[in-house]
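Read the structure below first, then the notes.
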There are 2 protein chains.
Amino acid sequence: MEPVGYIKPPDLDAVFAALADPTRRAILSRLASGEASVNEIAAPFEMSQPAVSKHLKVLEHAGLIERDTEKQRRPARLKAAPMADAVNWLEEFRTFWSSSFDQLDGLLEAIQNAETKGGVNE
Amino acid sequence: MEPVGYIKPPDLDAVFAALADPTRRAILSRLASGEASVNEIAAPFEMSQPAVSKHLKVLEHAGLIERDTEKQRRPARLKAAPMADAVNWLEEFRTFWSSSFDQLDGLLEAIQNAETKGGVNE
DNA sequence: ACTACATATAACCAATTAGTTATGGAACCA
DNA sequence: TGGTTCCATAACTAATTGGTTATATGTAGT
């Protein structure tokens with residue numbers, strides 16, 4: 001049994017890998033407007049139902065969806081929490097893409113990092 | 001020649017795939033504290049230099065790093081812009097992970113989405 | 001009991017990935 | 001000139017991925 005208050009560390013490998021496929025991103029977008037059955041999810045895609053079931057399994061494994069079991073349908077519902085983990089990791093780099101950092105071309109970068117003890121870690 | 005003002009569409013496939021590997025994320029974190037040569041990057045890892053060169057190629061292809069050429073070194077520097085594209089895509093789902101959306105268990109979700117015309121797309 | 005439906009699973013396949021070792025080539029040092 | 005350092009490339013391999021078709025399973029309808 002897990003200790004009370006246990007929080008599983010975000011599996012960024014699985015989350016980013018799940019997000020790396022356009023079909024899976026489309027599925028997530030679809031689920032943002034409500035849960036859907038496998039066939040409903042599969043309809044827009046030119047691909048077999050088992051292929052979609054596989055994508056759903058990848059998404060579920062990454063914690064990005066949940067499956068229900070009602071009658072013979074197994075609807076999927078969005079679980080966006082792991083996306084927050086992904087964004088949290090990316091946010092550590094915000095400095096580097098905002099405020100036209102590229103123009104400074106790494107000048108401030110060196111200075112700034114010389115006086116911060118910490119760093120960007122996983 | 002490209003038209004003036006042309007903006008290449010973000011290749012989310014390549015960006016997310018590049019981020020899906022822990023070695024590559026560690027490399028990006030390393031580069032956040034300044035550019036580094038291939039050997040400097042490779043040092044902390046228990047893996048051959050060619051393996052690291054491959055990772056760098058993946059990161060470069062995703063637009064996440066740039067390579068210089070000075071003397072015989074080929075230092076890599078962080079280019080974080082594609083991370084902003086990734087975050088932008090993820091931000092569309094912020095509603096679903098913030099404000100304890102999970103507790104509501106999809107109740108508000110259905111209502112809210114019934115009255116918004118648009119949706120979350122790629 | 002038979003049929004249709006919704007989904008999962010198995011077996012297979014081609015392409016990609018992440019690593020390896022071996023080698024090549026350019027730049028520096030003596 | 002010869003050796004060393006830095007890096008890239010080639011060739012190979014094992015594992016993973018994303019798809020297929022065929023089949024199995026559970027549920028519902030008649």
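In what follows, chains carry the letters A, B, and so on, assigned in the order in which the sequence lines appear, proteins first and then strands, with residues in each chain numbered from 1.
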Problem set entry | Separation of dT27(D) C1' from Gln72(A) CD (nearest whole Å) | 5 Å
For this session: With the side chain of Asn39(A) defined as its heavy atoms from C-beta on, choose the nearest nucleotide among dA18(C), dT7(C), dC7(D).
Result: dT7(C)
Exercise. Are Lys57(B) and Glu60(B) ion-paired here, with the side-chain N under 4.0 Å from a carboxylate O?
Worked result: no
Exercise. Whole Å only: how far is the CD atom of Glu46(A) from the P atom of dG18(D)?
Worked result: 18 Å
Exercise. What nucleotide, of dT7(C), dA8(D), dG19(C), holds the atom closest to the side chain of Ala51(B)?
Worked result: dG19(C)
Exercise. So, are Arg25(B) and Asp13(A) salt-bridged, with charged N and O less than 4.0 Å apart?
Worked result: yes
Exercise. Are the side chain of Arg77(A) and the backbone of Glu66(A) linked by a donor-acceptor contact shorter than 3.5 Å?
Worked result: no
Problem set entry | Most 5' of Val38(B) and Asp21(A) on DNA chain D, judged by nearest nucleotide | Val38(B)
Problem set entry | Whole angstrom value for the distance that separates C1' of dT17(D) from CG of Leu19(A) | 16 Å
Problem set entry | Whole-Å gap separating C1' (dT9(C)) and CG (Leu56(A)) | 14 Å
For this session: Please state how far atom CZ in Phe16(A) lies from atom P in dT16(D), giving the value in whole angstrom units.
Result: 21 Å
For this session: Would you indicate, yes or no, if dC5(C) has its OP1 or OP2 atom less than 4.0 angstrom from a side-chain nitrogen or oxygen of Lys71(A)?
Result: no
For this session: Just call it for Lys57(B): base, sugar-phosphate, or nothing, with non-hydrogen atoms closer than 4.0 Å on any strand.
Result: sugar-phosphate
Exercise. Can you tell me how far P of dA8(D) sits from CG of Asp68(B), to the nearest Å?
Worked result: 12 Å
Exercise. Taking only side-chain nitrogens and oxygens of His55(B), does any of them come within less than 4.0 Å of OP1 or OP2 of dT17(C)?
Worked result: no
Seminar exercise, completed: Looking only at dG18(D), dA18(C), dC6(D), the nucleotide nearest the Lys54(A) side chain is dG18(D)
For this session: Ignoring backbone atoms, test whether Arg73(A) places a side-chain nitrogen or oxygen under 4.0 Å from the OP1 or OP2 oxygen of dG26(D).
Result: no
For this session: May I ask you to decide if His55(B)'s main-chain N or O and Arg24(B)'s side chain share a donor-acceptor pair within less than 3.5 Å?
Result: no
For this session: Calculate the interatomic distance between Arg74(B) atom CZ and dT9(D) atom C1'; express it in whole Å.
Result: 13 Å
For this session: Take atom CD of Glu40(B) and atom C1' of dT5(D), then tell me their distance rounded to the nearest Å.
Result: 13 Å
For this session: Would you indicate, yes or no, if dT20(C) has its OP1 or OP2 atom less than 4.0 angstrom from a side-chain nitrogen or oxygen of Ser48(B)?
Result: yes
Exercise. Do Gln49(A) and dA6(C) share a donor-acceptor pair, side chain to base, under 3.5 Å?
Worked result: no
Problem set entry | 5' priority, DNA chain D, between Arg24(A) and Pro50(A) [closest heavy atom] | Arg24(A)
For this session: Say whether, by atom type as modelled, one donor and one acceptor occur between the side chain of Asp21(B) and the main chain of Thr23(B) under 3.5 angstrom.
Result: yes
For this session: Indicate whether OP1 or OP2 belonging to dA8(C) is found under 4.0 Å from a side-chain N or O atom of Ser53(A).
Result: yes
